[in-house]
Amino acid sequence: TLRPIKGHEDAVGCLAFSRDGKYLASGSHDNTARVFSVETGKEVAAFSGHKERIKRIAWSPDGKYIATASYDKLAAVWSLTAKRPVQQFT
């Protein structure tokens, strides 16, 4: 079933499904990353901290983290449970 997913304030530039297919992570030109439930379409996490748009997003194999890379030359690893960055690389 296709459904609209709302949350970003600008274009989405990258997407990644979790390994189990239950979640969709998105990176946007609004400089945020968001995670949505595939079943409900509802946002379950939002991450901000990049100063420019996000160009890549990926899941950790265990599904507990997402990694983002941005045009601000910053890469970050975000914890879905803590809802904050746990590591940043410049």
Side-chain angles (χ1 to χ4, degrees):
T1 303
L2 294 176
R3 68 176 43 98
I5 295 178
K6 297 180 181 181
H8 287 292
E9 296 176 11
D10 204 339
V12 171
C14 52
L15 297 168
F17 282 98
S18 60
R19 183 176 279 190
D20 62 11
K22 292 182 179 181
Y23 299 98
L24 178 66
S26 58
S28 174
H29 295 195
D30 68 6
N31 309 343
T32 67
R34 297 176 189 269
V35 177
F36 300 91
S37 165
V38 171
E39 183 178 337
T40 66
K42 292 185 179 182
E43 184 180 292
V44 296
F47 303 103
S48 60
H50 285 290
K51 292 181 175 47
E52 293 188 38
R53 67 185 184 181
I54 295 173
K55 61 181 175 178
R56 299 284 185 267
I57 195 162
W59 287 88
S60 64
D62 64 7
K64 294 180 180 180
Y65 304 92
I66 59 168
T68 56
S70 170
Y71 284 99
D72 62 8
K73 299 180 181 172
L74 176 71
V77 178
W78 308 84
S79 167
L80 269 72
T81 53
K83 302 214 175 17
R84 63 176 183 81
V86 294
Q87 188 75 31
Q88 293 184 333
F89 308 91
T90 56

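Sequential numbering from 1 along the given sequence is applied to the chain's residues. Note that this is a predicted model, so its numbers are computed, not measured.
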(request) Check whether any side-chain N or O of S70 sits under 3.5 Å from a backbone N or O of L74 as a donor-acceptor pair, and report yes or no. (result) no
(request) Check V35, T32, N31 against F47 for a side chain to side chain contact (heavy atoms under 4.5 Å, CB included) and give me the one that passes. (result) V35
(message) Rounded at 0.5 Å granularity, tell me how far CG in L15 sits from CZ in F36.
(response) 9.5 Å
(message) Minimum heavy-atom separation for A16 and A58, please, with both atom names.
(response) CB-CA, 4.4 Å
(request) Could you list who else is in Y71's hydrophobic cluster, with ILVMFWY side chains joined at under 4.5 Å, directly or through other members? (result) none
(request) Going by the side chain to side chain contact (heavy atoms under 4.5 Å, CB included) test, name the single residue among S48, S26, S28 that passes it with R34. (result) S26
(request) Search all heavy atoms of S79 against all heavy atoms of Y65 and return the closest pair with its distance. (result) CA-CD2, 3.7 Å
(request) Determine yes or no for a side-chain-to-main-chain donor-acceptor pair under 3.5 angstrom, with D30 supplying the side chain and H8 the backbone. (result) no
(request) Examine L80 and W78 and state if one hydrophobic cluster contains both, with Ile, Leu, Val, Met, Phe, Trp and Tyr joined whenever side-chain heavy atoms are less than 4.5 Å apart. (result) yes
Less than 3.5 Å apart, which donor and acceptor atoms pair up between the side chains of residues 49-57 and the rest of the protein, not counting sequence neighbours?
unit_1	atom_1	unit_2	atom_2	d
H50	ND1	D72	OD1	3.4
H50	ND1	D72	OD2	3.3
H50	NE2	T68	OG1	2.8

(request) Provide the closest heavy-atom pair for L24 versus V38 in the form atom of the first, atom of the second, distance. (result) N-CG2, 3.9 Å
